[in-house]
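Please read all numbers here as calculations on a predicted model, not as lab measurements. Naming: A, B, ... by sequence-line order, numbering from 1 per chain.
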There are 2 protein chains.
Amino acid sequence: MRNRSVTYSREATFQALADPTRRAVLDLLRRGSQHAGQIAGVFPVSRPAISKHLRLLRRAHLVREHREGRHRVYQLNPEPLRAVDKWLEHYRTFWTMNLTSLKNFVEAEYARETGKQSLDRPAAKNVKGEN
Amino acid sequence: MRNRSVTYSREATFQALADPTRRAVLDLLRRGSQHAGQIAGVFPVSRPAISKHLRLLRRAHLVREHREGRHRVYQLNPEPLRAVDKWLEHYRTFWTMNLTSLKNFVEAEYARETGKQSLDRPAAKNVKGEN
DNA sequence: ACTTCGCGTAACTGTATGGTTACGCATTAT
DNA sequence: ATAATGCGTAACCATACAGTTACGCGAAGT
C-alpha cells in the first residue's frame with residue numbers, strides 16, 4: 001500500500017493551473033476520464049498542443065495516464081489541488097471577515113498610512129539589509 | 001454594502017499566482033502593507049525584479065499601490081482570489097466526497113496501480129474536513 | 001503483412017517572463 | 001541648490017512555453 005499523502009510540489013501545481021486550457025482540461029476530466037483524442041477534440045488547438053498540456057498536468061500530478069489499447073486514458077487527480085486550497089485558506093479569512101475584524105484591518109492600515117501606530121506593525125520583521 | 005463584485009480576470013489572477021515570489025509577496029502583504037523597498041528587501045532578487053512582479057500583481061488587481069512621499073505603498077487586495085476559490089470549489093467536492101463516490105475513484109485508481117481491484121485504501125484517502 | 005489509428009515527441013517559431021544592470025525622475029534631506 | 005533616496009522603466013539576456021508541422025511507434029483492423 002502506498003501512503004498517498006505525498007506532498008506534491010505546490011510550485012508545479014500553481015504553474016500548471018496558470019494556463020486556461022489546462023484548467024479547462026481539468027474541468028473536463030471532472031466529468032470523467034477521457035482519452036487524449038477526446039480531450040483534444042474539445043479544444044481549438046492542435047492535438048500535439050494538448051499533448052503537451054497533458055504532459056504538464058502529468059508532471060504536476062493533476063492527472064494520471066494509463067494505456068488502454070491504443071488509447072491513453074487521462075484521469076483527474078484532484079489531490080494536489082488541496083495545497084492550493086490550503087494556501088487560499090489564509091486569504092479566505094479576508095472575505096469571510098465580519099465587519100469588526102474588517103474594522104481592525106482598515107484601522108491598522110489607516111494608522112500605518114498616516115503615521116500614527118495604534119497596532120502591531122511588527123517592527124521585528126523589519127528586514128533592512130540592502131536597499 | 002459594497003457590491004464589490006467586479007469580475008477580475010480569472011486569467012490574470014491564476015497567471016499572477018503562478019510565480020512563487022509573487023505568492024510570497026502576497027503572503028507578506030497579508031501582514032500589512034509595505035512599500036516597494038521593504039518588499040524587495042525580503043527577497044533574494046534585485047529590486048527591479050520585484051518591481052516587475054509588483055507590476056504583474058497590480059495588473060491582476062491583487063495589490064493596490066499608492067504614493068506616500070517617495071514611497072510606493074503596496075496593499076493586498078484579496079478580492080480576485082475569490083474567483084480562484086470559486087473555481088476550486090468544484091474540486092473541493094472531490095476530497096469531501098462521501099465514500100460512495102470516493103469508492104469509484106479509488107477503485108479505478110487502485111485497480112490501475114496494482115492490476116487487482118479490492119479497494120482497501122479508503123481510510124488512507126478519507127480526509128473529510130481539513131488536513 | 002499492410003494499412004490505419006491514436007498519440008507522444010522532435011524540431012522550430014514567436015512571445016512572455018524572470019532576472020540583471022543602467023538610467024531617469026520625483027521627493028527628501030542637507 | 002545639491003545630494004541622496006525610492007522606485008519604476010528601458011534595454012538586454014536566458015529560459016519556458018503555447019502552438020505548429022513532420023515524424024515515428026505501438027495497437028487494431030483488414
Side-chain angles (χ1 to χ4, degrees), chain A residues 9-29 33-75 112-115 126-131, chain B residues 9-29 32-75 112:
Chain A
S9 154
R10 226 164 294 265
E11 193 39 33
T13 308
F14 274 105
Q15 171 57 21
L17 296 184
D19 186 88
T21 301
R22 283 193 293 266
R23 291 197 302 278
V25 168
L26 294 180
D27 287 338
L28 181 63
L29 291 182
S33 301
Q34 305 252 315
H35 60 256
Q38 291 180 298
I39 299 174
V42 176
F43 299 91
V45 295
S46 71
R47 197 187 48 60
I50 296 298
S51 191
K52 294 210 286 185
H53 281 306
L54 289 172
R55 176 158 55 186
L56 274 198
L57 289 170
R58 236 181 294 139
R59 212 166 66 191
H61 301 282
L62 283 163
V63 301
R64 302 239 185 65
E65 175 255 39
H66 72 106
R67 285 84 186 294
E68 205 165 287
R70 53 182 168 184
H71 295 82
R72 306 278 188 120
V73 178
Y74 283 90
Q75 178 184 42
R112 207 195 57 63
E113 284 174 11
T114 56
N126 212 347
V127 185
K128 297 268 192 173
E130 46 94 286
N131 60 317
Chain B
S9 155
R10 226 163 295 264
E11 194 36 36
T13 308
F14 273 105
Q15 171 58 19
L17 296 184
D19 185 88
T21 302
R22 285 193 292 268
R23 291 197 302 278
V25 168
L26 294 179
D27 288 338
L28 181 63
L29 291 181
S33 301
Q34 305 252 317
H35 59 256
Q38 290 179 298
I39 298 174
V42 176
F43 298 91
V45 295
S46 71
R47 198 186 47 61
I50 295 298
S51 190
K52 295 210 285 185
H53 282 305
L54 288 172
R55 175 158 57 188
L56 274 197
L57 288 171
R58 236 182 294 139
R59 210 167 68 192
H61 301 282
L62 283 163
V63 301
R64 300 230 192 69
E65 175 255 37
H66 72 106
R67 285 86 186 295
E68 205 165 289
R70 55 183 167 183
H71 295 82
R72 306 279 188 118
V73 177
Y74 283 90
Q75 179 183 40
R112 200 191 60 64

Let me know the distance between [atom1] of [X] and [atom2] of [N], rounded to the nearest Å.
X       : N      : atom1 : atom2 : result
A:Arg72 : D:dA28 : CZ    : P     : 12 Å
B:Phe14 : D:dA18 : CZ    : C1'   : 18 Å
A:His53 : D:dA18 : NE2   : P     : 5 Å
B:Leu57 : D:dG8  : CG    : P     : 12 Å
B:Ile50 : D:dG8  : CD1   : P     : 10 Å
A:Leu17 : D:dA18 : CG    : C1'   : 17 Å
B:Glu65 : D:dG8  : CD    : P     : 7 Å

Measuring to OP1 and OP2 of [N], would you say a side-chain N or O of [X] lies under 4.0 angstrom away?
X       : N      : value
B:His71 : D:dT5  : no
B:Gln38 : D:dG6  : no
A:Ser46 : D:dT20 : yes
B:Tyr74 : D:dG8  : yes

Would you mind reporting whether [Y] and [X] have side-chain heavy atoms less than 4.5 Å apart?
X       : Y       : result
A:Leu62 : A:Leu56 : no
B:Val42 : B:Val25 : no
B:Leu29 : B:Gln34 : yes
A:His35 : A:Arg72 : no

Quick one: label [X] by what it contacts on the DNA or RNA (base, sugar-phosphate, nothing), any heavy atom closer than 4.0 Å.
X       : result
A:Ala49 : base
B:Gln15 : sugar-phosphate
B:Leu54 : nothing
A:Arg55 : sugar-phosphate

Considering all heavy atoms of both residues, which atom of [X] and which atom of [Y] are nearest to each other, and what is their separation?
X       : Y       : value
B:Arg47 : B:Ala40 : CG-CB, 3.8 Å
A:Ala16 : A:Arg22 : O-NE, 2.8 Å
A:Leu54 : A:Ala36 : CD1-CB, 4.3 Å
A:Ser51 : A:Arg58 : O-NH2, 4.3 Å

* Going 5' to 3' on DNA chain C, which nucleotide is the first and which the last to come under 4.0 Å of a heavy atom in chain B? -> C:dT17 to C:dA29

* Asked: Any donor-acceptor pair under 3.5 Å joining the side chain of A:Lys52 to the base of D:dG19?
  -> yes

* Structure fact -> In this structure, OG of A:Ser46 is separated from NZ of A:Lys52 (nearest 0.5 Å) by 8.5 Å

* Between A:Glu68 and A:Val45, which is nearer to the 5' end of DNA chain D once each is assigned its nearest nucleotide? -> A:Val45

* **5' priority, DNA chain D, between A:Arg70 and A:Arg47 [closest heavy atom]** => A:Arg47

* **Contact residues, residues 18-25 of chain A to DNA chain D [heavy atom, < 4.0 Å]** => A:Asp19, A:Thr21, A:Arg22

* Is a salt bridge present between A:Arg55 and A:Glu65, judged by a nitrogen-to-oxygen distance below 4.0 Å? -> no

